[in-house]
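The structure appears right after this line, and notes come after that.
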Amino acid sequence: VAGDDIVVTARRRDESVQDVPLVVQAVTASDMAKLNLRDFKEITTVVPGLQMGTNANGIGTTSSVRGVNYDVNASGNNGTIEFYFNDAPTSAAVLFTPMFDIGQIEVLRGPQGTLRGRASPSGSITITTRRPDMSEPGGYVTGTIKNIGGHNVNGAIGVPIIADKLAIRVAGLT
């Protein structure tokens, strides 16, 4: 997010969401923090028309964009929805875990060409982690504790190594 403008990488370059000729729903890090979204499947609460869940058999995942279903057991590697983590294709099972240090999630509706390497007839979902600040150190720690014994504590720290040129960011979750 640059000011009030949301910057997306739907066409593999940074652009304002207003300038992209695609249907894009972006969920920013501040949106996720404000709504206390901790699990990847919870983005369905802020993205209309997106449905995600675990298969009835409990083995795989199922997702639906624009009413077209992606079932990992039936579709295998030829899904109608493609998932990307920092621009690398990944399986849905990897993403259906607790989230931490996420910078932005983009849901692109409609047929996607091979811009990222694979065609996807229903759409694609890209997850981008937060980038380190190149000029000053920073980080965060946040947590959620449930009264039935569950907890989610995550944090990150970023440190510039060479000012404005090289930085490192380390994040973790328990």
| What are the two closest heavy atoms between N86 and T128, and how far apart are they? | OD1-CA, 3.3 Å
| task | Apply side-chain contact (heavy atoms from CB on, under 4.5 Å) to P137 and list each qualifying residue two or more places apart in sequence or on a separate chain. | result | P160
| request: Indicate yes or no for a side-chain donor-acceptor contact from E106 to the backbone of T9 under 3.5 Å, with no hydrogens or angles considered. | output: yes
| message | Holding to side-chain contact (heavy atoms from CB on, under 4.5 Å), I want the full list of residues that pass it with N147, two or more places apart in sequence or in another chain. | response | none
| remark: For L173, the side-chain contact (heavy atoms from CB on, under 4.5 Å) test, sequence neighbours excluded, returns P98, F100, N152, N154
| task | Report yes or no: does D14 contribute a side-chain atom to a donor-acceptor pair with the main-chain N or O of V7 at less than 3.5 Å? | result | no
| task | Sort and list the pairs that fulfil salt bridge (Lys or Arg N to Asp or Glu O under 4.0 Å) and have at least one residue in residues 90-105, not counting sequence neighbours. | result | D101-R169
| request: Write down the atom of F83, the atom of S63, and the distance for their closest heavy-atom approach. | output: CZ-OG, 3.6 Å
| message | With clusters defined by side-chain heavy atoms of hydrophobic residues (ILVMFWY) lying less than 4.5 Å apart, directly or transitively, does M134 cluster with V159? | response | no
| query | Using links of under 4.5 Å between side-chain heavy atoms of ILVMFWY residues, direct or through other members, which residues join Y140 in one cluster? | reply | none
| request: Would you give the length of the straight line joining atom OG of S124 to atom CZ of R109, rounded to the nearest 0.5 angstrom? | output: 11.5 Å
| Got a sec, which residues hit side chain to side chain donor-acceptor pair (under 3.5 Å) with S16, two or more places apart in sequence or on another chain? | D5
| When I43 is tested against each of D31, I102, I105 for side chain to side chain contact (heavy atoms under 4.5 Å, CB included), which residue passes? | I105
| message | Please enumerate all residues that pass ring-ring contact (aromatic ring centres under 6.0 Å, His included) together with F96, with sequence neighbours excluded. | response | F40
| request: Give me the other members of the hydrophobic cluster that I145 sits in, counting Ile, Leu, Val, Met, Phe, Trp and Tyr linked by side-chain heavy atoms under 4.5 Å, directly or via other members. | output: none
| note | So salt bridge (Lys or Arg N to Asp or Glu O under 4.0 Å) across residues 33-48, not counting sequence neighbours, yields none
| query | Any chain of hydrophobic side-chain contacts (each under 4.5 Å) joining I81 to Y84? | reply | no
| task | Measure the OG1-CZ distance between T90 and F85 for me, rounded to the nearest 0.5 Å. | result | 8.0 Å
| side-chain contact (heavy atoms from CB on, under 4.5 Å) partners of I148, counting only residues at least two apart | K146
| note | Those residues at least two apart in sequence (or on a different chain) that pass side chain to side chain donor-acceptor pair (under 3.5 Å) with Q25 are none
| query | Tell me, which pairs form a salt bridge (Lys or Arg N to Asp or Glu O under 4.0 Å) where one or both residues lie in residues 121-138, sequence neighbours left out? | reply | none
| How many angstroms lie between atom CG of L35 and atom OG1 of T45, to the nearest 0.5 angstrom? | 6.0 Å
| request: Check whether I162 and I168 end up in the same hydrophobic cluster, where Ile, Leu, Val, Met, Phe, Trp and Tyr are linked by side-chain heavy atoms less than 4.5 Å apart. | output: yes
| message | Quick one, V8 with Q104, criterion side-chain contact (heavy atoms from CB on, under 4.5 Å). Give me CA distance, side-chain angles, the key distance, then yes/no. | response | CA-CA 9 Å; V8 297; Q104 183 165 294; 3.7 Å; yes
| said: Let's go through V24 and I6 carefully: what are the C-alpha distance in whole Å and the side-chain angles of both, what is the deciding distance for side-chain contact (heavy atoms from CB on, under 4.5 Å) to 0.1 Å, and is it a yes or a no? | reply: CA-CA 11 Å; V24 179; I6 296 176; over 6 Å; no
